[in-house]
Amino acid sequence: MPELPEVETVRRGLAPVLLGRRLTRVVVRQPMLRWPVPLEFARALTGRRVEALDRRGKYLLIRLDDDRVVIGHLGMSGSLAVRPPGEAPALHDHVILETDAGACVTFHDPRRFGALLLSTALGVEAHPLLAHLGPEPLDGAFDGPALAARLAGKRCSVKAALLDQRVVAGLGNIYVSESLFRAGLSPRRLAGSVSGARAARLAVAIQAVLLEALESGGSTLRDHRQANGELGYFQHAFAVYDKEGQPCPGCDCDVAREGGIRRLVQGGRSTFYCARRQR
DNA sequence: AACAAGACCTGCATGC
DNA sequence: TGCATGCAGGTCTTGT
């Protein structure tokens, strides 16, 4: 599920429930996520107050009042949602946090590719999972030249490069396809060839797609929920993702003759694009 | 050094 | 109806 807009949607939804609250009860029902939840996780969180809720790329950072930081990742199918207190946990509800206001936040993740780890305020930036992340695409400093510098010399496809979190932090399979479509760039294009005006177009496209997705509460294909349980609805605004064979919304290409939106597999992952509009 | 493939795990749609 | 297959929003690890 979760790319930057979904994680940011969850962060914004959880903030009013968690910020400034004390965690009164923490239950780890299933510790075997991507990596085991640390043995001391429940003990470390119980009684602590949540001082800040941040996001870095696709990672959520829950900062506690004792300088500990929870590093959270939702993997493919994870969600963090506020549940009615007292409700019985559902299948795949792996970790439950209760606050002194009586709120109940549940980490739910059928595939268990997600993670909940512990770090410290001083160490979190240098944590192996975060240390090499590229720039935040919604930062003011992210622009054409910044992106071009990250892509320079790369021999892989621009699609593969954008999925690499060291190049830009937070893009995933959906938003890479959508961004390349908006920028009019072929997903097969050599990453290193994207510079100058092309890089500027791509940077603008990435920001526009992410901001629009954010306004829609992210994309719900299956698992993503906003923290309040509502679905995201940006999936209705996809131009190309999962639209193989459908007409391209940006040009009048003939589906019968040109095939409309095409699907391509790169690095084992589907890419969707319009061959006519993307060069 | 760069890249692809394999691994992790569950659920769902499809086709026989 | 049941079963096998393939695919899915991610990314670390292993092998070429």
Side-chain angles (χ1 to χ4, degrees), chain A residues 1-11 29-37 55-60 71-81 90-95 107-117 127-134 137 150-180 187-188 190-192 206 209-210 213-214 216-226 231-245 263-272:
Chain A
M1 130 210 188
E3 304 181 32
L4 187 153
E6 289 75 34
V7 178
E8 179 63 16
T9 296
V10 166
R11 188 194 72 77
R29 306 177 68 235
Q30 167 57 278
M32 297 313 288
L33 305 182
R34 174 70 198 262
W35 296 281
V37 176
R55 180 189 55 74
R56 178 76 176 96
K58 301 176 192 174
Y59 292 92
L60 270 175
I71 300 176
H73 195 287
L74 299 175
M76 290 274 262
S77 61
S79 57
L80 265 169
L91 185 65
H92 305 309
D93 282 353
H94 303 315
V95 177
F107 180 87
H108 176 94
D109 184 8
R111 293 178 73 177
R112 285 189 271 133
F113 289 170
L116 289 172
L117 298 171
H127 190 282
L129 292 176
L130 305 184
H132 305 292
L133 289 179
R150 290 266 158 181
L151 296 174
K154 291 196 103 36
R155 319 267 314 149
C156 62
S157 68
V158 62
K159 159 76 193 287
L162 292 178
L163 281 180
D164 182 344
Q165 302 298 297
R166 294 169 299 184
V167 171
V168 192
L171 296 179
N173 213 31
I174 293 175
Y175 297 107
V176 167
S177 275
E178 293 293 320
S179 299
L180 288 170
R188 298 187 210 251
L190 198 68
I206 289 169
V209 167
L210 294 178
L214 211 38
S216 303
S219 304
T220 298
L221 299 189
R222 171 166 288 135
D223 301 295
H224 169 64
R225 292 289 135 96
Q226 305 191 42
L231 304 177
Y233 50 95
F234 189 71
Q235 65 279 11
H236 303 301
F238 290 167
V240 291
Y241 185 80
D242 205 19
K243 295 210 175 275
E244 183 180 16
R263 175 173 171 271
L264 158 76
V265 176
Q266 295 175 288
R269 316 209 52 201
S270 292
T271 306
F272 300 89

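Chain letters run A, B, ... following the sequence lines, proteins first and then strands; every chain starts at 1.
- Spacing between atom CZ of A:R166 and atom C1' of C:dG10 amounts to 14 Å, rounded to whole angstrom units.
- Not counting sequence neighbours, the partners of A:Q165 by the side-chain contact (heavy atoms from CB on, under 4.5 Å) test are A:K58, A:L133.
- Scanning for salt bridge (charged side-chain N to carboxylate O under 4.0 Å, His left out) contacts around A:R55 gives A:E8, A:E136, with sequence neighbours left out.
- Distance A:R269 CZ to B:dA4 P: 13 Å, rounded to the nearest Å.
- The phosphate of B:dC9 has neither OP1 nor OP2 within less than 4.0 Å of any side-chain N or O from A:S77.
- In this structure, A:E178 contributes its side chain and A:A239 its backbone to a donor-acceptor pair below 3.5 Å.
- Using atom P as the reference point in both B:dG6 and C:dG6, the two lie 13 Å apart (nearest Å).
- Remark: the backbone N or O of A:G75 is not paired with any side-chain donor or acceptor of A:R112 at under 3.5 angstrom.
- Remark: DNA chain C takes part in the stems B:2-8 with C:10-16, B:10-16 with C:2-8, each of 3 or more antiparallel Watson-Crick or G-U pairs, criterion distances under 3.5 Å.
- Using a 4.0 Å cut-off on heavy atoms, the residues of residues 236-243 of chain A that approach DNA chain C are A:Y241, listed by number.
- The structure places NE2 of A:H94 at 10.0 Å from CG of A:L116, a figure rounded to the nearest 0.5 Å.
- Side chains of A:D109 and A:V95 form no contact here, defined as non-hydrogen atoms less than 4.5 Å apart.
- Note that the OG atom of A:S219 and the OH atom of A:Y233 stand 11.5 Å from one another [nearest 0.5 Å].
- Here C:dC7 presents its C1' atom at 13 Å from CD of A:E244, a figure rounded to the nearest Å.
- Minimum atom distance to the side chain of A:H73 is reached by C:dG10, of the listed C:dC12, C:dG10, C:dA8.
- When the P atom of B:dC8 is taken as reference, atom CG of A:D109 falls 16 Å away, rounded to whole Å.
- In this structure, A:F272 places its CZ atom 7 Å from P of C:dA8, rounding to the nearest Å.
- Residues satisfying the ring-ring contact (aromatic ring centres under 6.0 Å, His included) test with A:F113, not counting sequence neighbours, are none.
- Side-chain nitrogen and oxygen atoms of A:Q165 include none within less than 4.0 Å of the OP1 or OP2 phosphate oxygen of C:dG10.
- A:A213 is linked by a side-chain contact (heavy atoms from CB on, under 4.5 Å) to A:P5, A:Y175, A:F234, counting only residues two or more places apart in sequence or in another chain.
- With sequence neighbours excluded, no residue satisfies salt bridge (charged side-chain N to carboxylate O under 4.0 Å, His left out) with A:R263.
- Here A:R155 pairs with A:L190 under the side-chain contact (heavy atoms from CB on, under 4.5 Å) rule; sequence neighbours left out.
- Between the CD atom of A:Q30 and the P atom of B:dC8 there is a distance of 16 Å, given to the nearest Å.
- We find that CG of A:L33 is positioned 18 Å from P of C:dG10, with the value rounded to whole Å.
- Between A:R34 and C:dC12 there is no side-chain polar atom (N or O) within less than 4.0 angstrom of OP1 or OP2.
- In terms of position along DNA chain B, the nucleotide closest to A:G267 lies nearer the 5' end than the nucleotide closest to the other residue of the pair A:R112 and A:G267.
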Could you run down the sub-3.5 Å N/O contacts of the protein with nucleotides 11-15 of chain B?
residue : atom : partner : partner atom : Å
B:dG11  : OP1  : A:H92   : NE2          : 2.7

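- With its ring centre under 5.5 Å from that of the base six-membered ring and a plane angle below 30°, A:F113 counts as stacked on B:dC8.
- Here A:L129 lies in heavy-atom contact (under 4.0 Å) with sugar-phosphate atoms only.
- With P as the reference atom, C:dT11 and B:dA1 are 24 Å apart, rounded to whole Å.
- Within residues 152-162 of chain A, the residues that place at least one heavy atom under 4.0 Å from DNA chain B are, in residue-number order, A:R155, A:C156.
- Atom CD of A:Q266 is separated from atom C1' of B:dC3 by 13 Å (rounded to the nearest Å).
- Distance check on atom P: B:dC9 versus C:dC3 gives 23 Å, rounded to whole Å.
- Partners of A:K243 by side-chain contact (heavy atoms from CB on, under 4.5 Å), not counting sequence neighbours, listed by chain and number: A:F238, A:Q246, A:I261.
- Remark: the backbone N or O of A:F272 is not paired with any side-chain donor or acceptor of A:E244 at under 3.5 angstrom.
- A:H127 meets the side chain to side chain donor-acceptor pair (under 3.5 Å) test with no other residue; sequence neighbours excluded.
- Between the OG atom of A:S79 and the CG atom of A:D93 there is a distance of 8.0 Å, given to the nearest 0.5 Å.
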